[in-house]
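Naming convention: chains lettered A, B, ... in sequence-line order (proteins, then strands); numbering from 1 in each chain.
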There are 2 protein chains.
Amino acid sequence: MGKSKSEEFTDRQNYLAGVAKAIGHPARIAIIHFLARQKSCVCGDIVDELPLSQSTVSQHLKALKKAGLIAGEIEGTSVCYCLNTEAIKKFKADISLFLDEPANPKSCC
Amino acid sequence: MGKSKSEEFTDRQNYLAGVAKAIGHPARIAIIHFLARQKSCVCGDIVDELPLSQSTVSQHLKALKKAGLIAGEIEGTSVCYCLNTEAIKKFKADISLFLDEPANPKSCC
DNA sequence: TTATTTAATCGTTTTATTACGATCAATAAT
DNA sequence: ATTATTGATCGTAATAAAACGATTAAATAA
């Protein structure tokens with residue numbers, strides 16, 4: 001997307017937006033869902049599960065890794081991906097708090 | 001972004017991703033935050049609050065409206081924007097449930 | 001050693017996003 | 001009637017994201 005003016009916003013705003021953006025694609029939602037359910041988390045299995053090519057899945061995994069939501073460990077010739085449960089737990093708490101702000105509306109409409 | 005293959009995913013996956021994507025920009029986080037705090041929610045006030053031009057803010061408001069997170073009512077020559085607290089509450093519950101899935105990890109790593 | 005498997009990366013195309021100035025339509029004020 | 005004011009939309013430029021095939025590097029198997 002166009003260069004977004006992230007310097008103009010707070011760290012917290014950029015953090016919340018950054019993780020939300022990482023989750024903001026159905027394939028990445030599906031990947032997280034898959035990793036949360038399956039015992040196996042080999043990259044190839046994720047590719048098999050999704051209606052996307054290997055290279056595209058690899059890109060989505062990279063995006064999730066960049067956001068800190070998953071980690072990958074090389075196991076021989078394959079790679080084992082896992083959720084970063086701590087980061088997910090933290091984001092859940094942070095976004096919940098943020099979404100609770102408008103709980104008691106003082107707005108004009 | 002490239003055309004994303006949303007037809008290939010479930011409604012729930014597209015819904016969660018869609019709202020997350022709408023929240024996935026610091027300016028839109030800032031707008032929601034602002035609307036949650038201020039009594040006034042006139043569009044012009046939002047523009048004054050953000051380090052972005054009027055037309056850019058208008059686009060972000062449009063994105064939030066499209067995701068169902070805010071609504072706007074015309075009041076004379078200005079427009080009053082408000083949070084859709086129901087939609088926000090629903091998303092908070094849904095995303096929390098989703099992020100709770102990996103609570104007890106059965107993964108391999 | 002050579003062939004195979006696995007997953008990341010490169011290169012490319014298509015489409016979306018971000019951002020802005022300029023214009024436009026509507027309402028309000030003079 | 002004319003002139004602001006307000007906020008959406010248009011047009012456009014720059015950049016990022018989505019998707020894929022092809023290639024590459026690494027480890028394993030033959």
Practice prompt. For D/dA16, take OP1 and OP2 only and decide whether either is under 4.0 Å from a side-chain N or O of A/Lys21.
Written response: no
Worksheet entry | Euclidean distance, atom NZ of residue A/Lys66 to atom P of C/dA8 [Å, nearest integer] | 16 Å
Worksheet item: CG of B/Leu64 versus P of C/dT17: gap in Å, rounded?
Response: 13 Å
Discussion item. Distance check needed: C/dT18 C1' versus B/Lys62 NZ, whole Å only.
Written reply: 14 Å
Worksheet item: Can you check the B/Leu50 CG to D/dG7 C1' distance for me, whole Å?
Response: 15 Å
Worksheet entry | Nucleotide-resolved protein contact map, nucleotides 19-30 of chain D, B/S/- at heavy-atom distance under 4.0 Å | BBBB----SS--
Fill in: Rounded interatomic separation in angstrom, taking CG from A/Asn14 and P from C/dT18
13 Å
Worksheet entry | 5'-most by nearest nucleotide on DNA chain C - A/Ser78 or B/Arg28 | A/Ser78
Worksheet item: Going by atom types only, do A/Ser53 and A/Thr56 share a side-chain donor-acceptor pair under 3.5 Å?
Response: yes
Discussion item. Can you measure B/Glu73 atom CD to C/dT27 atom P for me and round it to whole angstrom units?
Written reply: 15 Å
Worksheet item: Distance check: side-chain N/O of B/Tyr81 vs OP1/OP2 of D/dT6, anything under 4.0 Å?
Response: no
Worksheet item: Under the 3.5 angstrom rule, does the side chain of A/Arg28 hit a backbone N or O of A/Ala22 as a donor-acceptor pair?
Response: yes
Worksheet item: Just wondering, do A/Asp94 and A/Lys90 contact through their side chains at under 4.5 Å, heavy atoms?
Response: yes
Worksheet item: Do any N or O atoms from the side chain of A/Gln13 and from the backbone of A/Thr10 form a donor-acceptor pair under 3.5 angstrom?
Response: yes
Worksheet item: Below 4.0 angstrom, N of the basic side chain to O of the carboxylate: do A/Asp100 and B/Lys89 qualify?
Response: no
Worksheet item: Should the ring pair B/Phe91 and B/Tyr15 be called parallel, tilted or perpendicular, given that the plane angle runs from 0 to 90° and is split at 30 and 60?
Response: perpendicular
